[in-house]
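Let me begin by presenting the structure, written as structure tokens, before commenting on it.
Values below: all heavy atoms of this structure, side chains included; hydrogens, waters and symmetry mates excluded. Quick caveat: nothing in here was measured; it's all calculated off a predicted structure.
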Amino acid sequence: MDYEPPFQETYKNFLQNSFDESEDKNLFMVEECELPLINLSQLNLEQLERDKCIKEIAQAARQWGIFQVVNHGVPQEILNNLQYEQKMVFHLPFEKKAEEKFLNLSTNSYRWGNPVATSLKQVPWSETLHISLADISRMDKRNSLRSTIDAFGTTASTLAQSLAEILAQSLGIESNFFRENCPPKTSYIRMNRYPKCPLASKVFGLVPHSDSNLLTILYQDQVGGLQLMKDGRWFKVKPNPKALIINIGDLFQALSNDVFKSIKHRVVSPQEVERFSAAYFYCPSNDAVIQSYTKPAMYRPFTLREYRQQIQKDVQDTGDKIGLSRFLLSE
């Protein structure tokens, strides 16, 4: 099909070498877990119910680093439209998607695979459209994708800020930190498509990683494939059609002084049908200072700009993100 990225041609040598390796069936033979499910409508009830909901959110962030929310304020119509628009844009011819100014977005907004991979395990069998909220105004007003992304970005931003303030208050952090340091245009949306993979037992749809932001809001279809690590074991997450998934990012882990955990997660490549998801990444401005709000602090103060630069350097030098451990204070 003309919309598929040339994975098999580009990674031909990796794929040939993989036939000599045993299949990693452990990718699929993992236990299913039930993520904490929180009904956010309780935040609009009497103080007792509201306090109970706030406690549930903080507890899930502490114990899991990831949880589900329902009655979250993002209308189902917007999510349905987003999924429809995703399919339309990803099913455009590959040559069109690979154009330098695709949809008039910034260069390198459309991505697939990993151009610096040195092995098959470093190749994500997926394609993504990375859209900064600052870029939306550059898109053609007649393009229905623009209005859909705008609507999703606006509602997801409200949800992210609300959850961030709730989590911060549970730690004694001033909630105005997010209003002052996280203007809407510093966050971004990433739409993902995971094509059927002929070697799903050997190739990740998305390689194991943690998110380099504050909070992530994820909407996924019902195909499944998301897995998370908890207590040293991988678990698969059963999709819930009515829920959004919230996960703690590296920056919130640093802010909380390791009270909240930025969990490692991955996506297993689909074997039978393509999979779609969309994520809103809640980020501060590049120069916002991230520092632990309890003492003794585990991490030195740093900015998002520093953090991203360090990640980029580590990936170039080692092939992998090292992350927060680079910013630990000496004992």
Side-chain angles (χ1 to χ4, degrees), residues 3 5 40 69 72-94 96-112 124 126-164 178 182-195 205-206 211-223 226 239 241-247 249 267 274-286 304 308:
Y3 57 78
L40 296 186
V69 294
H72 39 64
V74 182
Q76 189 62 45
E77 182 182 5
I78 289 177
L79 298 175
N80 292 343
N81 290 343
L82 182 63
Q83 192 171 70
Y84 172 80
E85 293 294 342
Q86 273 187 278
K87 290 181 180 179
M88 294 295 289
V89 74
F90 280 123
H91 285 176
L92 289 172
F94 172 73
K96 178 72 174 177
K97 294 181 289 189
E99 290 176 355
E100 185 175 347
K101 291 293 185 180
F102 179 52
L103 299 177
N104 207 34
L105 296 171
S106 298
T107 302
N108 201 34
S109 291
Y110 173 73
R111 307 167 186 180
W112 64 279
S126 57
E127 55 180 339
T128 69
L129 192 59
H130 178 107
I131 304 176
S132 163
L133 267 62
D135 259 5
I136 294 177
S137 62
R138 300 171 53 173
M139 299 174 69
D140 189 333
K141 291 182 179 179
R142 295 168 295 179
N143 189 329
S144 55
L145 176 63
R146 169 177 165 159
S147 59
T148 301
I149 289 176
D150 223 330
F152 177 63
T154 299
T155 52
S157 175
T158 300
L159 174 60
Q161 182 171 298
S162 174
L163 291 172
F178 302 101
C182 303
K185 290 188 176 181
T186 61
S187 297
Y188 62 95
I189 293 168
R190 182 178 293 164
M191 301 193 302
N192 309 295
R193 174 180 174 264
Y194 301 90
L206 191 60
D211 291 345
S212 307
N213 59 331
L214 286 163
L215 291 174
T216 303
I217 298 174
L218 176 72
Y219 175 64
Q220 60 175 339
D221 63 18
Q222 300 305 294
V223 173
L226 176 64
K242 295 182 179 179
L244 294 175
I245 291 178
I246 312 296
N247 70 272
V267 175
E274 62 186 357
R275 174 182 182 267
F276 292 91
S277 69
Y280 176 88
F281 293 88
Y282 186 54
C283 302
S285 60
N286 279 329
L304 177 56
R308 285 175 170 167

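Panel note: side chain Asp211, backbone Asn213; no donor-acceptor pair is recorded below 3.5 Å. When atom types are taken as modelled, the side chain of Thr128 and the backbone of Met191 share no donor-acceptor pair closer than 3.5 angstrom. A side-chain donor-acceptor contact under 3.5 Å links Ser147 to the backbone of Ser144. Glu127 places no side-chain N or O within donor-acceptor distance of the main-chain N or O of Tyr110, the cut-off being under 3.5 Å. With hydrogens and angles ignored, the 3.5 Å screen pairs a side-chain donor or acceptor of Ser132 with a backbone N or O of Ala134. Of the possible donor and acceptor atoms, one in the side chain of Ser126 sits under 3.5 Å from a partner among the backbone N and O of Gly205. In this structure, Arg193 contributes its side chain and Lys87 its backbone to no donor-acceptor pair below 3.5 Å. Using modelled atom types, no side-chain atom of Ser162 and backbone atom of Thr158 make a donor-acceptor pair closer than 3.5 Å. Checking side-chain atoms of Thr186 against main-chain N and O of Cys182 turns up no donor-acceptor pair under 3.5 Å.
How far CG of Asn80 is from OG1 of Thr148: 11.0 Å, rounded to the nearest 0.5 Å. Atom CZ of Phe152 sits about 12.0 Å away from atom CG of Leu145, to the nearest 0.5 Å. Of the inter-residue distances, the one linking Leu103 atom CG with Ile136 atom CD1 reads 12.0 Å to the nearest 0.5 angstrom. Atom-to-atom distance recorded for Phe276:CZ and Asn192:CG is 10.5 Å, nearest 0.5 angstrom. Atom CG of Leu226 and atom CZ of Arg275 lie 6.0 Å apart (nearest 0.5 Å). Taking CG of Asn104 as the reference point, atom CG of Asn143 lies at 10.5 Å (rounded to 0.5 Å).
Taking 4.5 Å as the limit, some side-chain heavy atom of Leu105 sits within range of a side-chain heavy atom of Ile131. The shortest distance between side-chain heavy atoms of Asp150 and Met139 does not fall below 4.5 Å. In this structure the side chain of Ile189 never reaches within 4.5 angstrom of the side chain of Leu82, judged on heavy atoms. With contacts defined as side-chain heavy-atom distances shorter than 4.5 Å, the pair Ile217/Val74 does not qualify.
Across Pro5 and Phe94, no two heavy atoms sit closer than the pair CA-CD1, 3.7 Å. Shortest non-hydrogen contact noted between Gln86 and Ala278 is OE1-CB, 4.0 Å. Closest approach of Leu214 and Pro284 over heavy atoms only: CD1-CD, 3.8 Å. Here the closest heavy-atom approach between residue Phe90 and residue Tyr3 is recorded as O-CB, 3.6 Å.
The number of heavy atoms from other shown groups lying within 6.0 Å of CD (Gln222) is above 12. Crowding of Glu100 atom CD: a count of heavy atoms from other residues, nucleotides or ligands under 6.0 Å not exceeding 12. Counting non-hydrogen atoms of neighbouring residues, nucleotides and ligands closer than 6.0 angstrom, the NZ atom of Lys101 exceeds 12 such neighbours.
Ser106 and Asp135 share a side-chain donor-acceptor pair at under 3.5 Å. Judged purely by distance below 3.5 Å, without hydrogens or angles, the side chains of Glu85 and Asn81 never pair a donor atom with an acceptor atom.
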- Task: Take Leu159 and Tyr280 through the side-chain contact (heavy atoms from CB on, under 4.5 Å) test and state the conclusion after the steps.
- Result: CA-CA 10 Å; Leu159 174 60; Tyr280 176 88; over 6 Å; no

**OP:** Could you please spell out the steps behind the side-chain contact (heavy atoms from CB on, under 4.5 Å) verdict for Val89 and Phe102?
**Re:** CA-CA 10 Å; Val89 74; Phe102 179 52; 3.6 Å; yes

